[in-house]
Protein chains: 2
Amino acid sequence: MSLPYAVLGFLNYAPMTGYELKKAFDTSIRHFWPADQAQIYRTLKELTRRGWVTVEVVPQEDRPNRKVYHITDAGREELRRWLGTPADPEDPRVPLLIRIFFAGQLPSEKAIALLETYAAALRARLETYARIPQRAAHYAEAIQSPREVFFWALTLDYGIRLTRAALEWAEEAIRNIRNLEKQ
Amino acid sequence: MSLPYAVLGFLNYAPMTGYELKKAFDTSIRHFWPADQAQIYRTLKELTRRGWVTVEVVPQEDRPNRKVYHITDAGREELRRWLGTPADPEDPRVPLLIRIFFAGQLPSEKAIALLETYAAALRARLETYARIPQRAAHYAEAIQSPREVFFWALTLDYGIRLTRAALEWAEEAIRNIRNLEKQ
DNA sequence: GTCATATATAGGACAAGTCAAATATAAGCA
DNA sequence: TGCTTATATTTGACTTGTCCTATATATGAC
């Protein structure tokens, strides 16, 4: 149940509409916490109910009124409290590993193909990660806080390290399957 | 939607009841695919409906009748087909990273505490992994197939590598936060 | 003596998130 | 002319999985 707190985190930087929040998610933490648009709006409703945000309705013609959400003092307090609390455990599910676990049922080329596809996805992910610092520079200037930027960079570093480790695993797995064949 | 296929994978080794399947999950792939008991029974019902397994009811006194599930030829075919198919993407969600992303709002000791707790959990996980090979030896003897055992080992290797990478990240993050303080 | 554990299945309630559609209009592009 | 994209929110249906409870009894631990 981290989504409400991610929303509070963004609203703590600046008041925003649900629509703008969706963009904030998509251009920053999407890689480790994708957020569905419908889910954001429902969360906003819940946060309002709890008194952690307030809504400022800005009338518009042609379009639905903008509902700009502002974090309250109670919301800020709740955010800080939550941030200092131990993280929820990760979902350990790795769909590929089910296939690998039962891959003894598969001819070696098919097992290798599975791993090659996976490795290709990981390489693509690394390239995506490599392009992030440029985009992030824009936000870094806007926020003017090296401390914030430091922690943002940590999350990217996590993604790079884990992806590299997975890639190395896949590459060695492929080599080992080939060795298996030779014997 | 991998659970039905994991169930087929186990039933392909041997016919089993839902209860035995639950134990099979818990003593093997739980680390990358935990399975809820209720979910297993519901999946079994669905697999039966699709004709991928058949039920053999073994009457018992005192206890509910055993319902032993057998994989069918159609089920075996479906399993092989699925195994050769590209893996679903992983859920990228890492709850800790939301806290880290917004940790600029937190005093450094609290950010470090967060990472220490995380690192401790990772170390405990590595110890659990270290104990797996002994338990696995029992299954390896039972199945008498070095090829199957090779793929089982691959899944463990994945867990170890990824956990180590996460741990290295956390340890370096802690060092970097301490450096931040000194400046 | 009581409590946990093992055997064995089933169903209801609920949480989180996904997907798609509805509503309304302007701007830019081919 | 028509298609896509941007702006902005809401709702409904659905999926996957979790948690808890119910039912029944035997055995071993403390």
Side-chain angles (χ1 to χ4, degrees), chain A residues 1-7 10-11 15-27 29-50 53 55-69 87-95 98, chain B residues 1-7 10-11 15-27 29-50 53 55-69 87-95 98:
Chain A
M1 252 227 359
S2 307
L3 185 66
Y5 295 98
V7 168
F10 282 119
L11 293 182
M16 265 180 265
T17 65
Y19 189 84
E20 287 165 332
L21 268 167
K22 171 62 175 160
K23 279 195 292 184
F25 272 89
D26 285 350
T27 56
I29 70 175
R30 183 195 27 170
H31 302 293
F32 56 86
W33 207 271
D36 184 78
Q37 176 257 110
Q39 194 72 5
I40 288 175
Y41 281 102
R42 282 193 252 253
T43 298
L44 247 10
K45 196 169 281 177
E46 175 63 16
L47 291 176
T48 311
R49 201 188 60 74
R50 292 197 177 226
V53 304
V55 202
E56 172 203 355
V57 180
V58 182
Q60 292 194 133
E61 295 155 24
D62 309 343
R63 254 156 286 205
N65 291 337
R66 279 165 65 84
K67 296 171 88 170
V68 182
Y69 290 87
D88 307 318
E90 283 154 50
D91 184 344
R93 284 181 176 78
V94 184
I98 297 195
Chain B
M1 255 231 352
S2 308
L3 185 66
Y5 295 97
V7 168
F10 282 119
L11 293 182
M16 265 181 265
T17 66
Y19 190 83
E20 288 165 332
L21 269 167
K22 172 63 175 157
K23 280 194 292 182
F25 272 88
D26 285 351
T27 55
I29 69 175
R30 183 194 29 170
H31 302 293
F32 57 86
W33 207 273
D36 185 78
Q37 174 257 112
Q39 194 72 5
I40 288 175
Y41 282 101
R42 283 193 252 255
T43 298
L44 248 10
K45 195 168 281 178
E46 175 64 16
L47 290 175
T48 311
R49 201 188 60 72
R50 292 198 178 226
V53 303
V55 202
E56 173 203 356
V57 180
V58 181
Q60 293 195 132
E61 295 155 25
D62 310 342
R63 255 157 284 206
N65 291 337
R66 279 166 65 84
K67 297 170 89 172
V68 182
Y69 290 87
D88 307 319
E90 283 154 49
D91 184 344
R93 284 181 176 79
V94 184
I98 298 195

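Hydrogens, waters and symmetry mates play no part in the numbers below; they use all other heavy atoms, side chains included. Reminder, nothing fancy here: chain letters follow the sequence lines and each chain counts from 1.
- The distance from atom CZ of A/R66 to atom C1' of C/dA24 is 17 Å, rounded to the nearest whole Å.
- Comment: B/E46 engages B/R49 in a salt bridge, judged by a side-chain N to carboxylate O separation of less than 4.0 angstrom.
- Using a 4.5 Å heavy-atom cutoff, the side chains of A/Y19 and A/Y41 are in contact.
- Checking side-chain atoms of B/Y69 against main-chain N and O of B/L21 turns up no donor-acceptor pair under 3.5 Å.
- Nucleotide C/dA8 holds its C1' atom 13 Å from the CD1 atom of B/I40, rounded to whole Å.
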Quiz prompt | From CA spacing to verdict: side-chain contact (heavy atoms from CB on, under 4.5 Å), A/Q39, A/L3 | solution = CA-CA 9 Å; A/Q39 194 72 5; A/L3 185 66; 3.3 Å; yes

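- Side-chain atoms of B/R66 never come within 3.5 Å of backbone atoms of B/T17 as a donor-acceptor pair (strictly under, hydrogens ignored).
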Quiz item: After noting the C-alpha distance and the side-chain angles of B/R30 and B/F25, does the key distance pass the side-chain contact (heavy atoms from CB on, under 4.5 Å) rule?
Solution: CA-CA 6 Å; B/R30 183 194 29 170; B/F25 272 88; 5.8 Å; no

List every contact pair, protein side and nucleotides 16-18 of chain C side both N or O, where the distance is under 3.5 Å.
| unit_1 | atom_1 | unit_2 | atom_2 | d |
| --- | --- | --- | --- | --- |
| C/dG17 | OP2 | A/Q39 | NE2 | 3.1 |
| C/dG17 | N7 | A/Q39 | OE1 | 3.4 |
| C/dT18 | OP1 | B/R93 | NH2 | 3.3 |
| C/dT18 | O4 | A/R42 | NH2 | 3.1 |

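- Between the side chain of A/K22 and the backbone N or O of A/A35, at least one donor-acceptor pair lies under 3.5 Å.
- Rounded to an integer number of Å, the gap from B/Q37 CD to D/dC20 C1' is 11 Å.
- Whole-Å rounding puts the B/Y41 OH to D/dC20 P distance at 18 Å.
- Atom NZ of B/K45 is separated from atom C1' of D/dT16 by 17 Å (rounded to the nearest Å).
- Atom CG of B/D26 and atom P of C/dT5 are 14 Å apart (whole Å).
- In this structure the side chain of B/V53 reaches within 4.5 angstrom of the side chain of B/L11, judged on heavy atoms.
- The separation between A/D88 atom CG and D/dT18 atom C1' is 14 Å, rounded to whole Å.
- Contacts between residues 15-25 of chain B and DNA chain C, defined by a heavy-atom separation below 4.0 Å, involve B/T17, B/G18, B/Y19, B/K23, listed by number.
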